[in-house]
Engineer: 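The structure's right below; bear with me while I get my questions together.
Just so you know, these numbers use all the heavy atoms, side chains as well, and skip hydrogens, waters and symmetry mates.
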Amino acid sequence: MDWLWLLLLGLGTGSFGVITGTGGGVIMVPVLLLLFNMDPTVVSGTSLALVAMTSFSGSLAYLRKRLVDKRSGLMFAAAALPGSVVAPFVLKLVAGDVFRGLLGLLLLCLAAYTIVKTLRSVRGNSKASYSVNSGVRTRHMTTGSGENFDYEFNESLAVAFNCVVGFLSAFFGTGGGFLRTPVLISVFGFPVRIAVATSIFSLVISATAGAGVHAFLGNIDWYPTFIFTGLGLLVGSQIGVLLAARTRNQWTVMLLVTVISVMGARLVFDALLG
């Protein structure tokens, strides 16, 4: 029955990952750790390879809809590459319980930060929170459906932030979208749909590089995990693109916060129990 559960896992995480711009790794890693009792290094490598695959599928759909900020996406991916290559080697030195605890704490901190930023936006303070004026760039985008987006953000700080994202994405195997997407929205002022699509686009490059290093180190469980979960991801990612067009922005943020909070708390709890 393992192949069936892996197929369903891929279907659900593929849809969720494209809707929220996380690539699904934020669900994949905790589930493989908690339910399948896999080694953290194998979980990280296998999940990152799956994230790379589903991100490729999802990004093609978003490119067709013209929702991707291509300049930003390419710059973010380039900044993330060094960390994506180094992280798999560092992961070999970290104990399993430490890995679970760190991932759980990161998810909980991210959830709390996103909630605070969302509440500030509701109260009328929706401007991006950067304080450095140099490097600010403006964007104007017209989507395939004729919708217009105008926004500005500190490009230099956003690129620097993605250097950190690259390391964390390959270390935890989540792909980095779970961190990049909410920060692009709450800190840098990206429109939600543009942030989601651009994050998925960036994941294609950085996650593929990190997955390649994991494969070299033997950290990927190709059968049955990658094959059967991957089949579910391919279908789920296309479902996610269709659902994303019908999902309100605030529901996207709430869904992301809820899931990472639950997973984060469970991982911390399990790490403390040893």
Side-chain angles (χ1 to χ4, degrees), residues 4-32 46-70 73 76-77 107 110-111 114 141 143-145 147 149 169 173-185 190-208 211 225-263:
L4 178 60
W5 289 114
L6 290 170
L7 191 65
L8 293 174
L9 173 63
L11 189 66
T13 54
S15 300
F16 178 85
V18 173
I19 291 173
T20 60
T22 64
V26 70
I27 298 289
M28 188 79 62
V29 173
V31 170
L32 292 177
T46 305
S47 176
L48 193 63
L50 289 166
V51 167
M53 182 182 67
T54 189
S55 298
F56 178 78
S57 177
S59 66
L60 290 178
Y62 279 129
L63 285 169
R64 287 195 297 268
K65 293 177 179 290
R66 289 191 285 176
L67 286 168
V68 177
D69 181 344
K70 295 179 183 178
F76 296 164
L107 294 178
L110 177 61
T114 305
M141 293 186 60
T143 68
S145 61
E147 188 176 4
F149 290 100
S169 67
T174 58
F178 79 101
L179 182 61
R180 180 188 291 112
T181 301
V183 171
L184 287 180
I185 296 168
F190 271 61
V192 172
R193 294 180 66 196
I194 301 299
V196 169
T198 303
S199 181
I200 289 290
F201 177 74
S202 298
L203 281 175
V204 175
I205 301 172
S206 59
T208 299
T225 307
F226 181 85
I227 291 178
F228 287 108
T229 308
L231 289 174
L233 283 169
L234 289 175
V235 177
S237 60
Q238 297 307 310
I239 294 175
V241 171
L242 296 175
L243 293 177
R246 298 176 173 85
T247 303
R248 295 181 179 179
N249 289 346
Q250 60 267 34
W251 287 109
T252 299
V253 175
M254 289 177 60
L255 177 63
L256 181 60
V257 169
T258 300
V259 172
I260 63 178
S261 297
V262 173
M263 292 295 183

Engineer: To check you understand the geometry: which heavy-atom pair defines the closest contact between Gly175 and Arg180, and what is its length?
Structural biologist: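 It is O-NH1, 4.4 Å.
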
Engineer: Quick one: list whatever passes side chain to side chain contact (heavy atoms under 4.5 Å, CB included) with Ser261, sequence neighbours left out.
Structural biologist: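 By the side chain to side chain contact (heavy atoms under 4.5 Å, CB included) rule, Ser261 matches Ala111, Val257.
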
Engineer: Any side-chain heavy atom of Lys65 sitting closer than 4.5 Å to one from Thr143?
Structural biologist: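 Sidechains of Thr143 and Lys65: no contact.
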
Engineer: Are Leu67 and Met141 side-chain neighbours, meaning at least one heavy-atom pair lies under 4.5 Å?
Structural biologist: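 No, their side chains stay 4.5 Å or more apart.
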
Engineer: Looking only at heavy atoms, which two atoms of Ser47 and Gly173 are closest? And how far apart?
Structural biologist: OG-O, 2.7 Å

Engineer: Who are the ring-ring contact (aromatic ring centres under 6.0 Å, His included) partners of Phe226, not counting sequence neighbours?
Structural biologist: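 By the ring-ring contact (aromatic ring centres under 6.0 Å, His included) rule, Phe226 matches Trp222.
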
Engineer: Nearest 0.5 Å please: distance from the CG atom of Leu60 over to the CZ atom of Phe56.
Structural biologist: 4.5 Å

Engineer: Give me the one residue out of Thr229, Ile227, Leu11, Val31 that meets side-chain contact (heavy atoms from CB on, under 4.5 Å) with Leu6.
Structural biologist: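 Going through Thr229, Ile227, Leu11, Val31 one by one, the side-chain contact (heavy atoms from CB on, under 4.5 Å) with Leu6 is satisfied by Thr229 alone.
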
Engineer: Would you please name every residue forming a side chain to side chain contact (heavy atoms under 4.5 Å, CB included) with Thr258, sequence neighbours left out?
Structural biologist: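 Applying side chain to side chain contact (heavy atoms under 4.5 Å, CB included) to Thr258 gives none.
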
Engineer: In chain order, what residues pass the side chain to side chain contact (heavy atoms under 4.5 Å, CB included) check against Arg66, with sequence neighbours excluded?
Structural biologist: none

Engineer: Go through the structure and list residues passing ring-ring contact (aromatic ring centres under 6.0 Å, His included) with Phe76, not counting sequence neighbours.
Structural biologist: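 Testing Phe76 for ring-ring contact (aromatic ring centres under 6.0 Å, His included), a comparison that skips the adjacent residues, returns none.
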
Engineer: Do Asp69 and Phe149 come within less than 4.5 Å of each other through their side chains, counting heavy atoms only?
Structural biologist: no

Engineer: Would a distance-only check, ignoring hydrogens and angles, find a side-chain to backbone donor-acceptor pair under 3.5 Å from Thr13 to Met28?
Structural biologist: no

Engineer: In this structure, which one of Leu48, Leu107, Thr174 forms a side-chain contact (heavy atoms from CB on, under 4.5 Å) with Val29?
Structural biologist: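 With Val29 as partner, side-chain contact (heavy atoms from CB on, under 4.5 Å) holds for just one option, Thr174.
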
Engineer: Can you name the side-chain hydrogen bond (donor to acceptor under 3.5 Å, both in side chains) partners of Ser59, sequence neighbours left out?
Structural biologist: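 Here no residue qualifies.
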
Engineer: By side chain to side chain contact (heavy atoms under 4.5 Å, CB included), which residues pair with Ser15, not counting sequence neighbours?
Structural biologist: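 Per chain and number, Ser15 pairs via side chain to side chain contact (heavy atoms under 4.5 Å, CB included) with Ile239.
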
